[in-house]
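Quick note on labels: first sequence line is chain A, next is B, and so on, each numbered from 1. Nothing here was measured: the structure is a model prediction, and the numbers come from that model.
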Protein chains: 2
Amino acid sequence: MGITKSEMFTAEQNALAGIAKVLGNPARIAIIQYLFKTESCICGDLVTEIGLAQPTISQHLKELKNLGLIKGTIEGTSICYCIDQEKWDELAAIFGKFLDQKEQPKGKCC
Amino acid sequence: MGITKSEMFTAEQNALAGIAKVLGNPARIAIIQYLFKTESCICGDLVTEIGLAQPTISQHLKELKNLGLIKGTIEGTSICYCIDQEKWDELAAIFGKFLDQKEQPKGKCC
DNA sequence: TATATTAATCGTAATATTGCAATATATAGA
DNA sequence: TCTATATATTGCAATATTACGATTAATATA
């Protein structure tokens with residue numbers, strides 16, 4: 001249905017899926033990479049850098065902001081977006097722990 | 001449009017987004033966690049464990065299989081699904097590297 | 001105040017995802 | 001072969017996502 005039955009999963013499972021979902025789009029990956037590497041982080045730069053329309057970039061920024069990964073400060077008529085390193089590290093730790101899982105030795109199969 | 005313009009992004013960006021997208025659903029997170037922790041990994045167990053219909057579970061398994069995260073071996077009339085630890089570690093390394101990014105010191109903002 | 005610049009929001013179209021019932025397929029055992 | 005069991009596939013409905021043009025809001029400057 002395009003709807004996920006979040007009420008039947010644990011908070012941790014929903015949190016992990018929520019993080020992954022926001023990261024599950026190449027435009028948002030590109031935005032994050034650009035914010036990490038560049039000196040300036042004016043929103044308008046992202047529009048030319050990524051190559052998507054301004055409302056589209058704005059929408060992606062909103063989703064990244066909702067998750068807390070980025071923060072924006074007003075710079076005159078522009079807005080400067082940056083990674084929120086503290087929040088990033090926090091989510092990276094949650095996700096990294098999930099990725100670090102090791103298989104239990106199983107007797108029979110695979 | 002529900003379509004992402006993947007041709008305008010790098011292979012790495014698409015790969016990262018592709019991994020995250022598959023992980024961006026709590027049912028698939030739950031399936032992965034169950035496969036990691038349990039002794040047995042019969043497909044039918046997942047249906048009762050997760051609480052979604054059998055075709056739905058089968059569909060999620062298919063997506064995990066497409067990404068290479070799991071593999072299934074036929075056990076009589078059942079199928080035994082397991083994590084492909086090697087592939088998991090590989091994807092975890094790719095994603096972990098992305099998560100490990102640190103902010104460049106910026107002069108002006110944020 | 002008027003204008004230019006920048007970013008957010010609205011409205012909409014196209015496509016994707018999620019989930020399930022019904023059905024198909026495949027294997028094991030009688 | 002016939003039946004039971006287990007999984008995959010198909011087809012569909014509901015909802016979500018992505019993208020963009022048009023518009024709005026807010027600020028800076030003339």
Below 3.5 Å, can you tabulate the donor-acceptor pairs from side chains in residues 88-98 of chain A to any protein atom, sequence neighbours excluded?
unit_1, atom_1, unit_2, atom_2, d
W88(A), NE1, L99(B), O, 2.8
D89(A), OD1, Q85(A), NE2, 2.9
D89(A), OD1, K102(B), NZ, 3.3

Under-4.0 Å side-chain N/O to phosphate OP1/OP2 contact, Y81(B) with dA6(D): no

Sub-4.0 Å heavy-atom contacts from residues 50-73 of chain B onto DNA chain C, ordered by number: L52(B), A53(B), P55(B), T56(B), Q59(B), H60(B), E63(B)

Sorted by number, the residues of residues 17-27 of chain A with heavy-atom contact under 4.0 Å to DNA chain D: K21(A), N25(A)

Exceeds 12 heavy-atom contacts within 6.0 angstrom, atom CD of E86(B): no

To the nearest Å, how far apart are [X] [atom1] and [N] [atom2]?
X	N	atom1	atom2	answer
K5(B)	dA13(C)	NZ	P	18 Å
I42(A)	dT27(D)	CD1	P	16 Å
I31(B)	dG19(C)	CD1	C1'	13 Å
I3(B)	dT12(C)	CD1	P	22 Å
E75(A)	dA28(D)	CD	P	11 Å
D45(B)	dT5(D)	CG	C1'	14 Å

Using modelled atom types only, decide if a donor and an acceptor are shared between the side chain of [X] and the backbone of [Y] within a distance under 3.5 Å.
X	Y	answer
T10(A)	Q13(A)	yes
D84(A)	K71(A)	no
R28(B)	V22(B)	yes
T38(A)	L35(A)	no

Measure the [atom1]-[atom2] distance between [X] and [Y] for me, rounded to the nearest 0.5 Å.
X	Y	atom1	atom2	answer
K5(A)	N14(A)	NZ	CG	13.5 Å
C43(B)	Y81(B)	SG	OH	6.0 Å
L46(B)	I57(B)	CG	CD1	6.0 Å

Toward the 5' end of DNA chain C, by each residue's nearest nucleotide, M8(A) or S78(A): S78(A)

